[in-house]
Amino acid sequence: MADIIQLLPDHVANQIAAGEVVQRPASVVKELLENAIDAGATTIKLIVKDAGKTLIQVIDDGKGMSTTDARLSFERHATSKIRTADDLFQLHTKGFRGEALASIAAIAHVELKTKQNQDDIGSIIIIEGSNIVSQDVVVVPKGTSIAVKNLFFNIPARRNFLKSNTVELRHIIDEFYRVALAHSNISFAMYNNGSEAFNLLVSNYRQRIVNIFGNKTNEKLVPVEEDTEVLKISGFVGKPEYAKKTRGEQYFFVNNRFIKSAYLNHAIASAFDGLLKNGTHPSYFLNLKVDPQTIDINIHPTKTEIKFDDEHTLYALLRSAVKHSLGQFNIAPVLDFNRDSNLDTPYNYNKTDTSTPTIEVDKSFNPFQEETQSKAVTYKKESAASWENLYVGLESKGTKTQQDFSEVHFESEESTGSIFDDDKYVDKIQTTYQLHNKYIVSTIKSGMLVIDQHRAHQRILYEDFLKNMTIKEAVSQQLLFPLQLHFSVQDIEIINQLKEDLEHTGFIFSSVNKESVEIIGVPISVPESEVSIILEQLISDVENEVPDAHFSATDLLAKSMAKSLAIKTGQSLKKDEQEHLVNSLFACKEPNASPTNRATFITMSVDELDKKFI
Ligand code: ADP
Ligand code: MG
């Protein structure tokens, strides 16, 4: 029988390799940024368009390539970084597999421009799906620019599999963070769809963290420093009180390479033992330096997992270093677990506080003394007032609101009371008009009220959802047929985190599997056709939530659902709908701002109007 085994042609082999190296635009970003760092760049610019689906470009001022190297760099297993197998155990570079450029060029349109410092003229190479389209000379500055366009143009299945731009951009930003955090001695800029998203100048590590995660981060950081023969640790952990419900800000770098390690993560978690509220995760930004000979980076194609020779020692050292820092900075004793978290997070229901009625026992109780019997056992019942406590964090703001409103009086209102006064004003609104399907205009005693319908409705829905989630009395509508929705593993994790809260809004999940959920009930206010959009939106909101100490899943969920379901600008409203909107808005706890803190209405007094007619 004839021989049947053949060697795969290069372009096929490259496409197969690309499947491992390039999962999504963010993978290209990672490879290109790492190459720029290996080239000794001091300034690196990342440009993306449409979350990398249209363009990913990295421009560096590194050492560049000769004409021959430029051409060779796209060959598989072409690398300048190792020469012998022994070098694998002395790695000081990010790359070494020589696969990235070949893989990327197999599945995209690539334009490489590069010039070495000593040369007058550089090279430009254009490659499309592994085919060299052109190679020429070009006048360019020192360094390298690689533009990757139309990723997966020849693998439609992969291209279609990409997530929304929001999600893909989130992944790109994550990679950008990881590289930028590992190299605070290099300046990085990122441009997204033509506008500057980040501009990180050379700085120390602490400043780099703060530049990325915001000024508020500074006060949350506790330095960790440890210097032993086998391991040097430097960096920061977040103070326990700022621990998050999500694992967003957890960064390990080993010899300046971002890595994931559940084992080392556990070491940190155990150092925080007893200091964290249930279900929260500490932030950390830790750099570990070990002898390259004691690690094996080769076990994972994207090189985010590595193998340590002596994991147990690292675990112990890491744990004790973090513990030591937390102790030294006096973190443990100042922690106050009894602090009412409602004070931090308005609307966040603290279950343990309000659900346990306390029992006061009258010690002088005598069952034979008739007249005292009735007050023998007093339950501190949850009164309606205690429900108001859920909103306690708003008190200071609330006062301000009332002041703001003291000048707002509805027309024909007899007294000078505020519009919060009672329901009376509801009947007193004379007329509402809808302006440009966007604003609701109404008359009030002092003049005129203009309400932004979309923002106002967001506020109304937001408070409504929060109420349902806190008192847990949401009503569901049963679906005729169960709804099966598919998500990525990561997205399912987010759904799992929010499942309980989602159920309190009225969702009923019959099952949550590894990559899908089945829903048999949805909140009354949610049309079945909107369910998947709402959940998608919610997931991307969670992923994109600006890191904030007061992150609250409940709050975010309410905001996200309110945003998805609120009446949109451009929607025409009937008279009674307009009135209902106005009434519901002013029945809100905080009617004057949308959940994202934008004004829901403005007023204009007759005086102000008069002035305009002078
Ligand atoms: P690896 O990084 O594993 O060596 P790559 O496919 O990423 O493999 O790159 C191949 C080679 O191309 C590198 O070894 C390097 O010599 C060269 N190269 C890639 N990007 C750059 C760059 N930005 N500046 C200079 N040389 C580069
Ligand atoms: Mg590389």
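Every heavy atom of this structure was used, including side-chain atoms; hydrogens, water molecules and symmetry mates were not. Numbers for residues simply follow the sequence, beginning at 1. These numbers were taken from a predicted model, which means no experiment stands behind them. Atoms within a ligand are numbered from 1 in the order they appear, just like the ligands themselves.
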ask   = Below 4.0 Å from any atom of ligand 1, is there a heavy atom belonging to M65?
value = yes
ask   = Which value, rounded to the nearest 0.5 Å, describes the distance between M65 atom CE and S123 atom OG?
value = 9.0 Å
ask   = Backbone or side chain, does any N or O of L101 fall under 3.5 Å from an N or O of ligand 1?
value = yes
ask   = Do E311 and K307 meet the salt-bridge criterion of a basic N to acidic O distance under 4.0 Å?
value = no
query = Under 4.0 Å from ligand 1, counting heavy atoms only, is it the side chain of D38, its backbone, both or neither?
reply = neither
Distance, nearest 0.5 Å, that separates CD of Q23 from CZ of F152 = 8.0 Å
request  = Starting at CG of D60, measure out to NZ of K142 and round the result to the nearest 0.5 Å.
outcome  = 9.0 Å
ask   = Going from OG1 on T313 to CD on E229, what distance comes out if it is rounded to the nearest 0.5 angstrom?
value = 12.5 Å
request  = Using a strict 4.0 Å cut-off to heavy atoms of S73, name the atoms of ligand 1 that fall inside it.
outcome  = 10 (C), 12 (O)
ask   = Relative to the ring of Y251, is the ring of F258 parallel (under 30°), tilted (30 to 60°) or perpendicular (over 60°)?
value = perpendicular
request  = Tell me, please, if T79 has any N/O/S atom, main chain or side chain, under 2.8 Å from the Mg ion (ligand 2)?
outcome  = no
message = Nearest 0.5 angstrom please: L535 CG to L485 CG, how far?
response = 6.5 Å
inquiry  = Is the contact between A78 and ligand 1 made by the side chain, the backbone, both, or neither, using heavy atoms and a 4.0 Å cut-off?
reply    = backbone
Option with minimal heavy-atom separation from atom 9 (O) of ligand 1, where the choices are D61, T144, N35, I44 = N35
request  = Report yes if some N/O of T79 lies less than 3.5 Å from some N/O of ligand 1; otherwise report no.
outcome  = yes
ask   = Who's closest to atom 8 (O) of ligand 1 heavy-atom-wise, of G98, A36, A100?
value = G98
